[in-house]
Number of protein chains: 2
Amino acid sequence: MDRKPNSQTTAIWVLLNIAHKRVTQTFEAELKRAHLPSAAWYDILWTLERAEEGMRQNELERQSLYDQPNLSRTIKRMVDDGLVTQCPAADDRRGRELRITDEGKALRAEMWKVYGGLMLSEIEDKVPAEHLSGLIEGLASMVPDQDEKLQGKLKNAREKNHKPS
Amino acid sequence: MDRKPNSQTTAIWVLLNIAHKRVTQTFEAELKRAHLPSAAWYDILWTLERAEEGMRQNELERQSLYDQPNLSRTIKRMVDDGLVTQCPAADDRRGRELRITDEGKALRAEMWKVYGGLMLSEIEDKVPAEHLSGLIEGLASMVPDQDEKLQGKLKNAREKNHKPS
DNA sequence: AAATATTAGATACATGTGCATGTATCTAAT
DNA sequence: ATTAGATACATGCACATGTATCTAATATTT
């Protein structure tokens with residue numbers, strides 16, 4: 001090998017894995033303790049709730065971290081649980097229109113009490129203000145720019161970076 | 001809920017997930033393309049290679065992201081593949097002394113060509129210098145301080161933060 | 001219009017993971 | 001010497017995940 005990763009690169013790689021695992025496990029453990037579904041379900045419910053008008057399954061796929069077969073299975077479970085409805089799409093008979101049910105909305109709201117609290121305790125309260133910008137921009141630099149879901153949130157966060165509240 | 005996570009917190013949470021998934025998937029895909037085992041195996045092999053004198057399984061467990069049952073199974077597969085030996089520990093008959101074999105060392109070296117290259121292309125070449133420190137410290141702030149494996153690497157990386165090479 | 005390619009979504013299979021539990025051994029107190 | 005509890009490691013099970021493939025519908029090409 002001609003080049004060798006330096007110690008900062010190594011630290012980032014190690015920390016990315018450790019931090020992700022720790023934070024994720026904390027989220028999952030607390031949600032489970034409260035008899036609630038996983039964080040990934042929260043994201044799906046929230047995405048569908050914001051959409052409001054029915055969302056195609058492939059569109060949801062692009063906005064989530066699930067790959068297609070996994071999303072298909074997950075949606076099936078959510079339909080079985082009455083959280084989501086899955087109707088044939090009007091204009092493309094291959095497609096499915098997904099819609100969150102009232103029950104789904106209620107569950108999401110219930111989850112938010114835990115989920116939102118964890119974002120505060122595991123992230124907001126732990127990351128010191130002076131590293132917020134570097135952390136956000138550093139993470140973003142490892143992700144390709146095309147990610148739509150991301151861009152909105154990033155734009156928002158970047159604005160805060162310049163006028164710290 | 002009395003407090004609500006702000007947009008920076010949200011960005012960190014979203015980005016932590018997206019960045020981790022993207023980078024991890026790239027690593028795994030490239031390793032697979034080269035017909036090599038996963039990154040997690042690399043970490044185990046490298047940890048054992050550095051130890052040199054045989055390492056107890058529970059010690060390895062603390063230094064890895066595997067939980068105990070999963071490590072037990074992974075080691076079994078590595079033993080079956082001839083990469084690691086697993087002898088009864090001398091002083092504690094419950095225990096197992098793990099040692100990397102020459103074959104294991106050879107595989108690790110082979111893996112490094114891909115693994116090290118990915119650290120360069122996916123991290124070192126992508127994260128701009130001005131965000132290195134914030135990224136490292138920000139990630140570290142989400143991890144409890146007791147992590148041993150981490151502390152050495154962190155110390156090293158932090159030194160670089162002050163005298164940028 | 002017929003043939004072909006592409007896309008949406010579902011499913012099968014192999015593998016990985018977390019969690020609970022089992023077995024053996026160790027430590028320390030009685 | 002015996003017993004209570006902790007620790008090391010293994011295993012079974014349920015479930016999640018990735019990969020490959022399948023079916024049906026739509027788009028494209030000729």
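Sequence lines set the chain letters: A, B, ... in the order given, protein chains first and strands last, and positions in each chain run from 1. Predicted model, so just to flag it, every value in this text is computed and none were measured.
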Under a 4.0 Å threshold between the charged nitrogen and the carboxylate oxygen, would [Y] count as salt-bridged to [X]?
X        : Y        : value
B/Lys105 : B/Glu49  : no
A/Arg3   : B/Asp125 : yes
A/Lys32  : A/Glu28  : no

Problem set entry | Exercise: identify the closest heavy-atom pair between B/Ala11 and A/Ile136 |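 Answer, listing the atom of B/Ala11 first, then A/Ile136: CB-CD1, 4.3 Å.
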
Pick out the pairs of N or O atoms, protein on one side and nucleotides 11-14 of chain D on the other, that lie under 3.5 Å.
| from | atom 1 | to | atom 2 | distance (Å) |
| --- | --- | --- | --- | --- |
| D/dG12 | O6 | B/Arg73 | NH1 | 2.8 |
| D/dG12 | O6 | B/Arg73 | NH2 | 3.1 |

For this session: Please report the C-alpha distance between A/Glu61 and A/Gln57 in whole Å, then the side-chain angles of each, then the deciding distance to 0.1 Å, and finally whether the side chain to side chain donor-acceptor pair (under 3.5 Å) criterion is met.
Result: CA-CA 6 Å; A/Glu61 182 197 337; A/Gln57 198 160 306; over 6 Å; no

For this session: Could you tell me which residues satisfy side-chain contact (heavy atoms from CB on, under 4.5 Å) with B/Ala109, sequence neighbours excluded, listed by chain and number?
Result: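 If we apply the side-chain contact (heavy atoms from CB on, under 4.5 Å) test to B/Ala109, skipping adjacent residues, there are no hits.
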
For this session: Identify whether any heavy atom of B/Asp92 sits under 4.0 Å from a base atom; if not, whether one sits that close to sugar-phosphate; answer base, sugar-phosphate or nothing.
Result: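 The answer is sugar-phosphate, as B/Asp92 gets under 4.0 Å only of primed atoms, P, OP1 or OP2.
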
Exercise. How is A/Gln86 classified with respect to the nucleic acid when contacts are heavy atoms under 4.0 Å: base, sugar-phosphate, or nothing?
Worked result: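 It contacts sugar-phosphate atoms only.
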
Interatomic spacing from [atom1] in [X] to [atom2] in [Y] - rounded to 0.5 Å:
X       : Y        : atom1 : atom2 : result
B/Arg94 : B/Asn58  : CZ    : CG    : 8.5 Å
B/Ile75 : B/Thr85  : CD1   : OG1   : 10.0 Å
B/Met55 : B/Leu98  : CE    : CG    : 8.5 Å
A/Tyr42 : A/Trp112 : OH    : CH2   : 5.0 Å

Problem set entry | Secondary-structure stems for DNA chain C, with pairs counted as Watson-Crick or G-U when both distances are under 3.5 Å and runs at least 3 long |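 Runs of three or more consecutive pairs: C:1-30 with D:1-30.
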
Side-chain polar contacts of residues 13-20 of chain B - donor-acceptor pairs under 3.5 angstrom, sequence neighbours left out - could you list them?
| from | atom 1 | to | atom 2 | distance (Å) |
| --- | --- | --- | --- | --- |
| B/Trp13 | NE1 | A/Tyr115 | OH | 2.6 |
| B/Asn17 | OD1 | A/His20 | NE2 | 3.3 |
| B/Asn17 | ND2 | B/Trp13 | O | 2.9 |
| B/His20 | ND1 | A/His20 | ND1 | 3.2 |
| B/His20 | NE2 | A/Asn17 | OD1 | 3.3 |
| B/His20 | NE2 | B/Thr24 | OG1 | 3.4 |

Problem set entry | Outermost DNA chain C nucleotides near chain B [under 4.0 Å, heavy atoms] |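 Answer, 5' to 3': C/dG16 to C/dC26.
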
Exercise. Once you round it to whole Å, what is the distance between C1' of D/dT26 and CZ of A/Arg56?
Worked result: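 Taking atom C1' of D/dT26 as the reference, CZ of A/Arg56 is at 11 Å.
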
Exercise. Rounded to whole angstrom units, what separation is found between the CZ atom of B/Arg77 and the P atom of D/dA10?
Worked result: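 Going from CZ in B/Arg77 over to P in D/dA10 covers 12 Å.
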
Exercise. Would you say a side-chain N or O of B/Arg94 is under 4.0 Å from OP1 or OP2 of D/dA10?
Worked result: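 No, no such contact exists.
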
Exercise. If each of A/Glu97 and B/Thr74 is mapped to the nucleotide of DNA chain C with the nearest heavy atom, which maps nearer the 5' terminus, i.e. the 5' end?
Worked result: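 It is A/Glu97, whose closest nucleotide lies nearer the 5' terminus.
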
Exercise. Can you tell which of B/Leu31, B/Asp81, B/Leu36 makes a side chain to side chain contact (heavy atoms under 4.5 Å, CB included) with B/Trp41?
Worked result: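 Among B/Leu31, B/Asp81, B/Leu36, the one meeting side chain to side chain contact (heavy atoms under 4.5 Å, CB included) with B/Trp41 is B/Asp81.
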
Problem set entry | Close approaches to DNA chain D from residues 26-41 of chain A, in residue order (heavy atom, under 4.0 Å) |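 Output list: empty, so none.
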
For this session: Using atom types as modelled and distance alone, determine if a side-chain donor or acceptor of A/Thr101 lies under 3.5 Å from a backbone N or O of A/Leu83.
Result: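 Yes; judged by distance alone, with no hydrogens or angles, the pair exists.
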
